[in-house]
J.: 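Structure provided below as structure tokens; questions to follow.
What you see below is based on every heavy atom in this structure, not just the backbone, and it leaves out hydrogens, waters and symmetry mates. We count residues from 1, following the sequence as given.
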Amino acid sequence: MRFDYLGIFGGLFTSRGRKLKRNKKRTNCPNCNHKQEIPFSFCPDCGQHARESKITFFSLIGEVFSNILNIDASLYRSLFWLPVPAFLSKHYINGERKQYLNPVRFFFFSMLLFFALLVGFMDLQFFEDTNKEQLVKIERSVLYETFENEIKKDFYSSVSPAVMDSMRIALFRGVKLPELDTIFSDDIKTDSSDVIHFDLGLKLLRRDLFNRPIDEIVADQKPTSWLNKIMMGQLIRVSRDFKGALSFFAGNGIWVFIAGIFFLSFAMKLLYIRKKKFLIEHSIILFHTHAFAFVVGIFCMLLIKYLDNTQEIIGASLFLICIYIIFSIKKYYQQGWFKTLIKFGLITFFYGFIMVILVGLVLLLSILFFN
């Protein structure tokens, strides 16, 4: 079943351009050349409409609108029944799979839309401006160095030191010379020479971080191991393009939820071992609960964008998701409220634990493979 109401708009172009002439005598498909003994309206092999091969501009536009606007009814129906806890999972597992969207497809559809909006709403311009500020600081530092070298010449010997100090303060207040100009000095402990120290043993000046080739910087640091060498290089790359690194991590973050569902399915298999359900059944209800959480997250982001009550909206969204999960496992596994709440607590604890590990792992891998 398909919702074709919007597709009628596309059909108007076709009907006004010319009437489609079905060839009642045609027994071979013009698309795949499939042959059959009796005439057909649609090819039983590839599904193409059996019609005259001549095409017009209006019929072409009509097909475009029909293909775009005729969305499969299973998506609408799944979205309609998604707010009802465990409804989609029970019906899909019981065999009603034509009517509803595949749980994995539903999960990916909602997750990709969520991450797309998340990245779109992020203030990525902030990171671009931060990098530009760093480059401006480097340029001012170089100008300051040029100024200091210039005033040492004999031509300026007649200028009093007080005037020079006034000019220095007016032009370069807060600016450091390149050999003393460090980055993140407020956040990371530095020694007396004001050179940055990372936990990796990396000592770096701002101008080197943004201007020198990465291989040269790492070679000068003399890393103690191959892992130390890799981490130094990746740390520099992330510092140079934090926006790109953040987008890279967000893209890899999708795998966190996939792995989380995989491990949580095994945990739920153990928690509900007496129910004798297949592992895939636990996965299906997890796909649907995650899809609901992503849909709520999408509405949450839209509300936050246009309203000021950020904390209240996030709190209400998390509360709604928790209530949905509790009712879902209660209705699907048919256990009492006490057991349901206890197992919800165990599921939440295990899920939080495994997600912390997975996020850390993906973050580490993202840093290692970011380029």
Side-chain angles (χ1 to χ4, degrees), residues 74-93 96-97 100-121 249-272 277-304 313-333 340-341 343-363:
S74 61
L75 175 60
Y76 294 115
R77 192 177 291 110
S78 298
L79 286 171
F80 179 80
W81 289 108
L82 180 64
V84 182
F87 180 91
L88 290 178
S89 301
K90 291 173 69 174
H91 284 258
Y92 193 87
I93 291 172
E96 299 179 31
R97 295 165 192 171
Y100 307 107
L101 197 64
N102 181 286
V104 180
R105 286 186 62 192
F106 201 3
F107 165 76
F108 273 104
F109 170 77
S110 57
M111 179 175 58
L112 293 176
L113 183 58
F114 173 82
F115 275 101
L117 286 176
L118 180 63
V119 173
F121 288 163
F249 171 72
N252 291 332
I254 293 174
W255 298 104
V256 171
F257 291 98
I258 298 174
I261 289 177
F262 176 76
F263 288 111
L264 192 58
S265 297
F266 281 97
M268 293 180 69
K269 175 73 173 177
L270 295 175
L271 283 175
Y272 294 99
K277 294 186 179 295
F278 293 106
L279 184 67
I280 190 62
E281 295 182 48
H282 303 292
S283 299
I284 287 174
I285 194 169
L286 288 174
F287 280 125
H288 282 139
T289 52
H290 276 76
F292 177 81
F294 285 127
V295 171
V296 172
I298 291 169
F299 282 103
C300 178
M301 284 189 291
L302 293 174
L303 290 175
I304 290 174
I313 294 172
I314 294 176
S317 300
L318 292 176
F319 178 76
L320 179 62
I321 292 171
C322 289
I323 295 298
Y324 180 86
I325 295 172
I326 292 172
F327 275 90
S328 293
I329 60 179
K330 172 72 172 63
K331 291 182 64 176
Y332 184 74
Y333 295 105
T340 299
L341 292 175
K343 291 184 178 181
F344 169 75
L346 293 173
I347 291 171
T348 304
F349 174 79
F350 179 79
Y351 187 68
F353 176 76
I354 194 65
M355 289 299 281
V356 169
I357 296 176
L358 291 172
V359 169
L361 181 62
V362 169
L363 179 60

J.: If the condition is side chain to side chain donor-acceptor pair (under 3.5 Å), which residues does Lys331 pass it with, not counting sequence neighbours?
T.: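 If we apply the side chain to side chain donor-acceptor pair (under 3.5 Å) test to Lys331, skipping adjacent residues, there are no hits.
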
J.: Over all heavy atoms of both residues, which pair between Tyr92 and Leu101 is shortest? Give the atoms and the distance, please.
T.: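 Shortest heavy-atom separation between Tyr92 and Leu101 comes out as CE1-O, 4.2 Å.
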
J.: Using 0.5 Å steps for rounding, measure from the NE2 atom of His282 to the CD1 atom of Ile284.
T.: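 Going from the NE2 atom of His282 to the CD1 atom of Ile284 covers 10.5 Å.
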
J.: Is the shortest heavy-atom distance from the side chain of Ile258 to the side chain of Phe262 under 4.5 Å?
T.: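 They are not in contact (no side-chain heavy atoms under 4.5 Å apart), so the answer is no.
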
J.: Nearest 0.5 Å, what's the NZ-CD distance between Lys269 and Glu281?
T.: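 It comes to 8.0 Å.
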
J.: List the steps, then state whether side-chain contact (heavy atoms from CB on, under 4.5 Å) holds for Val295 with Phe299.
T.: CA-CA 6 Å; Val295 171; Phe299 282 103; 3.7 Å; yes

J.: Could you report the tightest heavy-atom contact between Phe257 and His290, atom names first, then the distance?
T.: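 Taking Phe257 first and His290 second, the nearest heavy atoms are CD2-CD2, 4.0 Å.
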
J.: Take a 6.0 Å sphere around CZ of Arg105 and say whether it holds more than 12 heavy atoms from other residues, nucleotides or ligands.
T.: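 Check fails, neighbour count at 12 or below.
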
J.: Can you tell me how far CG of Leu82 sits from OG of Ser78, rounded to the nearest 0.5 angstrom?
T.: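 The distance works out to 8.0 Å.
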
J.: Please say whether the positively charged group of Lys343, taken as NZ for Lys or CZ for Arg, lies over the ring of Tyr333, i.e. under 6.0 angstrom from the six-membered ring centre and within 45 degrees of the axis.
T.: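 Not satisfied by the 6.0 Å and 45° rule.
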
J.: Just wondering, do Phe106 and Leu79 contact through their side chains at under 4.5 Å, heavy atoms?
T.: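 Side-chain contact under 4.5 Å: yes.
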
J.: Are Lys277 and Tyr272 close enough that some pair of their side-chain heavy atoms sits under 4.5 Å apart?
T.: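 No, every pair of side-chain atoms sits at 4.5 Å or beyond.
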
J.: Side chains of Phe87 and Tyr100: does their closest heavy-atom pair fall under 4.5 Å?
T.: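 Result yes, sub-4.5 Å side-chain heavy-atom pair found.
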
J.: Can you tell me if Ser110 uses its side chain to pair, donor with acceptor, with the backbone of Phe294 under 3.5 Å?
T.: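 Here the side-chain-to-backbone pair does not exist.
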
J.: Main chain of Leu286, side chain of Thr289: is a donor-acceptor contact present, judged purely on distance under 3.5 Å?
T.: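 Pair found, side chain donor or acceptor close to backbone of Leu286.
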
J.: For Val84 and Tyr324, which heavy atoms make the closest approach, and how far apart are they?
T.: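 So the minimum-distance heavy-atom pair works out to O-OH, 4.0 Å.
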
J.: How close do Ser89 and His288 get, heavy atom to heavy atom, and via which atoms?
T.: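 Here Ser89 and His288 meet closest at OG-ND1, 2.8 Å.
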
J.: For Lys90 and Tyr332, work out which heavy atoms get closest and say how close.
T.: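 Shortest heavy-atom contact: CG-CD1, 3.5 Å.
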
J.: Which residue pairs pass the side-chain hydrogen bond (donor to acceptor under 3.5 Å, both in side chains) test with at least one member in residues 253-263, sequence neighbours excluded?
T.: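 Non-adjacent pairs meeting side-chain hydrogen bond (donor to acceptor under 3.5 Å, both in side chains): zero.
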
J.: How far apart are the C-alpha atoms of Phe344 and Cys322, what are their side-chain angles, what is the distance that settles it, and do they pass the side-chain contact (heavy atoms from CB on, under 4.5 Å) test?
T.: CA-CA 9 Å; Phe344 169 75; Cys322 289; 4.1 Å; yes

J.: Hey, what do you get for CG (Leu264) to CD1 (Ile354), rounding to the nearest 0.5 Å?
T.: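 These two atoms lie 9.0 Å from each other.
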
J.: Rounded at 0.5 Å granularity, tell me how far OG in Ser328 sits from CG in Leu88.
T.: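 So the OG of Ser328 and the CG of Leu88 are separated by 9.5 Å.
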
J.: Quick one: side chains of residues 111-121, donor-acceptor pairs under 3.5 Å with protein atoms, not counting sequence neighbours, listed by atom name and distance.
T.:
none

J.: Answer yes or no: is there a side-chain heavy-atom contact under 4.5 Å between Phe292 and Leu320?
T.: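 Side-chain contact under 4.5 Å: yes.
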
J.: Working to the nearest 0.5 angstrom, can you tell me the gap between Phe319 CZ and Ile323 CD1?
T.: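 It is 4.0 Å, given to the nearest 0.5 Å.
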
J.: Dump the intermediate steps for side-chain contact (heavy atoms from CB on, under 4.5 Å) on Ile304 and Ile314, then the final yes or no.
T.: CA-CA 8 Å; Ile304 290 174; Ile314 294 176; 3.7 Å; yes

